[in-house]
Structure formats: C-alpha cells, structure tokens
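What you see below is based on every heavy atom in this structure, not just the backbone, and it leaves out hydrogens, waters and symmetry mates.
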Amino acid sequence: MNAISLPFHEPVLIFTIVLLLILAAPVVFRRLKIPDVVGLILAGVAVGPYGFNLLERDASFQIFGQVGILYLMFLAAVEIDMYHLKKNLRQGLAFGLITFAIPAALGMAISHIAFGAGLTTCLLLASMYSSHTLISYPVVSRFGLQNSRGAILAVSGTIVAVLLALITLASVVKMQIRGRFDLADILLLLLYTAVYALAVGYSFPALTRYVFRKISDPVAQYIFILVMVFLGAVLAQLIGLESILGAFYAGLVLNRLIPGRSPLMNQIKFIGNAIFIPYFLIGVGMLINVHIIFNGWKVLWVAMVMIGTALASKWISAWIAQKLYGLGESDRQMMFGLTSGKAAATIAATMLGYQYGIISEDIMNGAVLMILACCLVASVTTEHTAIRMRIELTAAEMESAEIEKPEFARQIVAVSNPITAEGLMRLAVFMRSPKNAEPVTALFVRNSDDPKALTSGRYSLRAAAEAAEEMGVSVKEEERFDLNIVSGLSNMIRQTHATDVVIGFHRKANIVDSFFGKMTDTLLSETMKMVIISRCFIPISTIRRIVVVAGNNAQYETGFHDWVARIGNLAQQLACKVIFLASAETSRYLEEVINTDGYAIRRIYQEMTGWDDFILLSGEVGPEDLFVIVSARRGSISYSQSQENMPEFLAKNFSGHNLMVIYPEQFNG
C-alpha cells in the first residue's frame with residue numbers, strides 16, 4: 001500500500017473530496033449564518049495549498065474553474081427576462097459606465113496618494129477596482145429575483161464595466177511592453193467587438209432554431225447549447241476580449257430560445273448549480289493565501305486601503321444610480337452586492353500586473369486579500385438583501401391575492417397522436433400562469449377496443465404527461481371510454497370543472513370533410529368553455545412572433561380576459577413579440593388587460609377594421625410565427641359573417657403555418 005502524501009494526486013479521490021465539499025460546505029456554513037457562496041470559497045481556502053494542503057490547484061481546477069465562471073456569466077444572461085432587460089437597458093448601460101468610472105477615478109487617485117504609484121500602476125489598479133464578477137448571482141437566482149430592477153441594472157451594467165476594465169488592462173500591459181500608448185489598438189478592438197456582436201447576434205439564434213427543429217433529444221440540445229456558449233467565449237478571445245464577455249453575450253442572444261419553464265432550462269440550472277459553479281467558487285478559495293496577513297503591517301495597510309477603495313467606490317456607484325433612477329434601498333443594496341464581488345477579471349489583472357512588474361508584491365498580496373473580502377461582502381450583502389426583497393414581494397403578492405382572488409386555469413389537454421401530444425402539452429403549460437398550482441389533465445378518450453388506436457392513445461398520454469412533469473407541472477393521466485370522443489371530453493370538462501380545453505387540429509379524412517372536422521364542431525356546441533385548437537410544425541420554444549387576430553367586439557365576450565391572459569403568459573415565457581390585429585376599440589381593451597395583469601411582453605397593435613384588412617395584414621405571418629385566430633361561436637357577440645370564410649382561407653393560405661384558433665368561453669360556460 002502506498003504511503004499517503006499531501007496534496008492528494010489521485011483523480012478519483014480529488015473529485016470525491018470536491019463533491020463532499022459541494023455537499024457539506026453549504027450545510028455547515030448555513031448553520032453559522034454564512035451564505036452558501038462564501039462557504040464554498042472558504043472551503044476552497046481550507047483544502048487548498050494555503051490551507052491544509054489537501055488539494056493542489058491542478059489542471060482540473062483550472063479547467064472546471066474556467067468553465068464555472070463562463071457558466072455563471074451565461075446563466076446570468078439566459079435567466080434575464082428580455083422584456084425587463086430591454087425596458088431597463090439604457091439605465092443598465094449607464095449604470096455600467098457609472099460603476100466603471102467612479103471606481104476607476106477614485107482608485108487612481110487613492111493609489112497615487114496612498115502608494116505613490118505611477119501612471120501605469122494606477123491604471124492597472126483602476127481596472128481592478130472597476131471590474132467585478134457576478135459571484136453572488138446564484139443567490140439572486142435561488143430567490144427568484146433575477147427580474148428585480150436592481151438585479152437587471154447590475155447584470156446589464158456588468159458587460160459595460162467589465163469590457164471597459166479589460167480594455168484598460170490590455171492597454172496598460174501593451175504600454176508596459178511597448179513603452180507607449182497606442183490608440184489604434186483600442187479602436188481596432190472596438191471595431192472587432194462590433195463585428196463580433198453582429199455576427200454572433202444573428203448567426204447563433206438562427207443556427208439554434210434550425211438545430212432545435214431537427215433535434216428533439218434533450219441531452220443533444222443541452223450539449224449544443226454548451227457548444228454555443230463556449231464557441232462564443234472562444235470567438236471573444238480570438239478578437240482580444242475576455243471569454244466571460246463572450247459567454248455572457250451568448251446567453252443574451254440565446255435567451256429567447258430557452259424558456260424559463262422548459263426542460264432545457266432545468267438542465268442548464270441543475271448542472272451549473274450542482275457542479276460547474278461550485279467548482280469555480282472552490283477554485284477561487286484555493287487561490288487565496290491567508291498567510292500573507294502575517295507578513296507585516298505593510299501588507300495589511302495596502303489590503304485595507306484596497307478593500308476600502310473597492311467597496312466604497314462600488315457603494316457610491318450604486319447610491320448614485322439609486323438617486324438617478326428613483327430606486328429603493330433594497331435595489332441599491334442588490335446592485336452593490338452584485339457589483340462588489342471580484343474574481344475573474346481582478347485575478348487576471350493581478351497576475352498580469354505582477355508578471356510584467358507593474359505592481360509590487362505587497363500590492364499583489366493586498367489584491368488577493370481584497371478579492372477575499374469583496375467576495376465575502378458581496379455574498380453576505382446579496383443574501384440579506386434577497387431575503388428582505390423576497391419577503392416584501394411575497395407580502396405584496398399575498399395582499400394582492402386577498403383583494404383580487406384570481407382563479408387559475410384548470411386545463412384539459414386531449415391527446416390521441418403520439419407525434420403531437422408532447423407539443424400540445426408544452427403549449428398548454430406555457431399558456432398557464434407560473435403561479436398556477438392546479439394539475440393539468442392529460443386525457444385520452446376512446447370509443448372502441450381497437451388495439452392500434454389503444455396503443456397509440458396510451459403512448460400519447462404518457463408523452464404528454466412526461467412533458468408536463470419535465471416542466472415542473474403536476475399532471476393527471478386520464479383514459480376514458482365513452483360512446484364518442486366528444487361525449488367523453490364533455491363529461492371530463494364537467495367532472496374536473498375545467499376552464500380550458502386544448503386539442504390538436506383535425507386531419508381531413510376526405511375532400512368533403514370540413515377544416516375543423518365534425519368532432520370539433522360538435523365539441524363547440526357541447527361546451528361553452530374556452531376551446532384552443534393548435535397545430536405547430538416547429539418546437540414551441542422556437543416561435544419568433546405571435547400574431548393575434550381579434551375580431552370586432554371581442555372584448556365583450558365572457559372569456560375575453562382569459563384568452564388574453566393565455567396569450568400574455570405564452571408570450572412572456574417564450575419572450576416573443578406579440579402583434580395584435582384588431583380594431584382600435586378592441587386594442588384599447590387588450591392593452592388595459594395586459595397592463596392590469598402586468599404581463600411583461602413586447603407588443604404592437606395594427607388596426608384591422610374588416611375582412612380586407614385581415615387578408616392584407618395576415619400576409620405578414622411567416623413560417624416561424626404562431627398565427628392565432630380568436631374566433632367565436634355562432635350567435636355570440638363577436639361573431640360575424642366573415643368568419644364563415646375563415647376555415648377555407650386558412651386551409652388555402654396557411655396549410656404549412658403554425659396555427660392556433662381560440663374559441664373564448666361564452667356567458668353560459
């Protein structure tokens with residue numbers, strides 16, 4: 001048996017120890033009221049070369065650590081609601097300038113006064129003070145606050161602050177090497193950055209949509225997304241940018257194709273939070289040498305000055321943004337917590353500065369202590385702020401619920417075809433409120449014992465149920481035998497008190513068969529509940545726009561608010577733009593519902609006064625859009641004679657398009 005020597009070199013043992021740290025550190029430190037992020041960093045300090053020396057920071061930590069920081073930046077971008085991001089983008093970019101400029105200016109002044117540093121050293125330290133890493137972002141994600149205003153401003157400002165800090169760092173290093181400042185290099189980098197942004201912004205989403213339509217396997221889709229993230233990082237490095245910016249930008253451009261409630265998003269968050277991000281945090285801890293505290297008062301003096309400058313400048317930046325944008329104290333603290341953490345860019349600046357002789361050993365050691373202190377402050381501040389914000393939001397939601405007492409949708413998804421069952425269920429889940437805890441009913445109705453139909457129906461039922469479970473929605477599987485399919489469906493509607501029925505489009509059996517089929521026509525006469533008929537040729541998550549046609553007087557139907565809510569939820573979760581084709585009066589009611597319910601969606605209204613306008617405007621619908629027709633039962637308030645032409649028009653002109661036809665609930669539903 002070989003003698004045990006430290007640090008350990010056996011790969012299996014190293015990985016086992018890391019997994020134990022990931023498992024145990026949060027539990028242990030949580031008892032001490034220390035946030036999980038801090039716990040993992042301190043665990044890295046303990047087992048690293050400057051602690052008990054159980055593990056050395058070998059290639060595995062360098063690889064997993066780099067993957068972890070890229071994953072963290074990607075996750076921060078992909079979890080943002082694009083509506084909120086675009087709404088606050090200008091303010092976020094302005095905050096990025098503020099949180100870069102103030103730490104840089106203050107840092108240069110204090111570095112010159114306190115350390116007697118020259119220009120190149122002051123500029124390098126300015127890049128360290130102004131950059132930050134979203135090291136405490138997992139806390140924001142855990143509490144579901146990624147769309148709070150403070151979090152969005154901090155995350156969107158990150159790309160500006162880090163980009164400018166890294167440009168400053170690159171300029172300082174080149175100045176040290178060449179002995180002069182070269183403006184041409186910076187202008188060339190900015191040109192490369194613009195070309196990179198356009199190329200990735202257009203090619204990545206298009207390629208992802210194409211792949212998602214060809215590949216439905218969730219594992220293959222996840223691997224493809226990882227390829228896109230790291231390809232974005234590699235391309236960023238090739239033009240002279242830091243890889244973390246490439247990963248962040250990849251997350252932004254792919255954001256819309258990864259809905260928050262999709263199985264793909266669940267996989268991304270699970271694997272990142274379970275392995276990659278904890279590995280990165282432990283690796284950061286292993287870099288920190290706590291022994292330098294005892295190297296003398298000079299190191300402590302340098303560290304205290306750097307820590308005070310870094311934290312004070314980021315707090316001042318958050319305070320200025322709070323006053324400029326009229327934010328609350330919690331948002332200010334959230335911005336400070338997210339932007340005060342330091343890791344990736346600061347570590348790079350420290351290593352390069354010492355390597356090229358720009359900073360002294362004392363300043364390098366002080367920077368290491370600054371990184372540790374800033375990580376601790378960032379994590380503690382973010383956690384305490386997140387808890388307070390979550391309590392405030394929950395209290396507001398409870399108060400609102402007591403006043404409004406909304407009734408959530410109770411859905412039935414009728415399936416019989418294994419090919420379309422999964423898509424119908426995913427559509428139904430995306431159309432319901434994320435707060436809806438009601439189970440969705442997956443229903444297969446049969447009126448015979450035909451083995452082929454029975455097998456097909458049960459496979460459909462299982463596929464629909466699995467899709468709902470993957471999206472975190474409880475599901476009831478129901479197989480029902482009845483005299484006919486409509487009778488079975490109608491009885492289930494009454495039994496479950498359903499509000500919505502989602503069915504697939506009818507397949508014409510012969511040339512005289514109607515567009516919707518006799519079964520659909522009978523169902524519409526049997527129940528007055530909302531009936532949604534859908535057909536999608538592409539995965540629902542790859543839809544680019546939703547085009548909704550609402551007829552005159554649609555606002556007077558009993559189910560008007562409900563169908564608008566379904567479209568609002570669908571568009572919000574898919575981050576799609578919605579184009580409403582409706583009369584001016586109907587559009588006013590649509591806007592009122594969207595504003596009252598608070599749906600964060602991009603929408604435009606185009607006026608439609610009659611059948612001719614409908615034909616003209618519907619010509620803009622493309623193969624990547626979802627075309628939604630809000631129809632009406634014969635004799636209802638919004639029914640018009642022109643709707644008689646609708647089935648023939650759709651069959652002739654939209655046979656290859658993604659369609660949804662909604663029949664809202666009627667007054668006696």
Which atom names give the shortest non-hydrogen contact between [X] and [Y], and what distance separates them?
X	Y	value
I215	A220	CG2-CB, 3.5 Å
Y249	A197	OH-O, 2.6 Å
A151	L338	CA-CD1, 3.8 Å
A126	M108	CB-CG, 3.6 Å
Y222	Q267	CB-OE1, 3.6 Å
S216	Q221	CA-NE2, 3.9 Å

Nearest 0.5 Å please: distance from the [atom1] atom of [X] over to the [atom2] atom of [Y].
X	Y	atom1	atom2	answer
S130	L106	OG	CG	11.5 Å
L570	Q572	CG	CD	10.5 Å
L42	L21	CG	CG	11.5 Å
I277	K269	CD1	NZ	10.5 Å
L72	F248	CG	CZ	10.5 Å
L19	I275	CG	CD1	5.5 Å

Heavy-atom check, side chain of [X] versus side chain of [Y], under 4.5 Å:
X	Y	answer
V377	I307	no
M306	I363	yes
L70	M73	no
Y71	I271	yes
N88	Y325	no
Y354	N365	no
W319	K314	no
L311	C374	yes

Notebook entry, point to check: Should the heavy atoms of other residues, nucleotides or ligands under 6.0 Å from CZ of F224 be counted, would the total exceed 12?
Noted result: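 Check passes, neighbour count above 12.
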Item checked: More than 12 heavy atoms of other groups within 6.0 Å of Y202 OH -> no
Ignoring hydrogens and geometry, is there a side-chain-to-backbone donor-acceptor pair from [X] to [Y] under 3.5 Å?
X	Y	value
K342	L372	no
T382	A378	yes
S127	L124	yes
D331	G150	yes
S243	V234	no
N255	G251	no
N658	F627	no
E422	A467	no
Y129	S313	no
S379	L376	no

Notebook entry, point to check: Run the side chain to side chain contact (heavy atoms under 4.5 Å, CB included) check on L145 and T385 step by step: do they pass?
Noted result: CA-CA 10 Å; L145 297 171; T385 304; over 6 Å; no
Checklist line | By side-chain contact (heavy atoms from CB on, under 4.5 Å) - contacts of A318 (at least two apart) | finding: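 So A318 forms a side-chain contact (heavy atoms from CB on, under 4.5 Å) with R332, M335, F336.
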Next item on the list: Begin from the C-alpha positions of F430 and N569 and carry the test side chain to side chain contact (heavy atoms under 4.5 Å, CB included) through to its verdict.
Entry: CA-CA 7 Å; F430 281 133; N569 285 320; over 6 Å; no
Note to self: Pair I244, T133 - check side chain to side chain contact (heavy atoms under 4.5 Å, CB included), show working.
What the structure shows: CA-CA 10 Å; I244 56 176; T133 303; 5.8 Å; no
Next item on the list: From the options K577, R213, R256, R545, select the one residue that forms a salt bridge (charged side-chain N to carboxylate O under 4.0 Å, His left out) with E624.
Entry: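 Answer to the salt bridge (charged side-chain N to carboxylate O under 4.0 Å, His left out) test with E624 among K577, R213, R256, R545: R213.
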Next item on the list: Under the side chain to side chain contact (heavy atoms under 4.5 Å, CB included) rule, what do F61 and M286 come out as? Steps first, then yes or no, please.
Entry: CA-CA 9 Å; F61 281 97; M286 294 174 72; 3.5 Å; yes
Margin query: Can you tell me which residue among V160, L324, L153, L93 is in a side-chain contact (heavy atoms from CB on, under 4.5 Å) with I98?
Written below: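 Exactly one pass, corresponding to L324.
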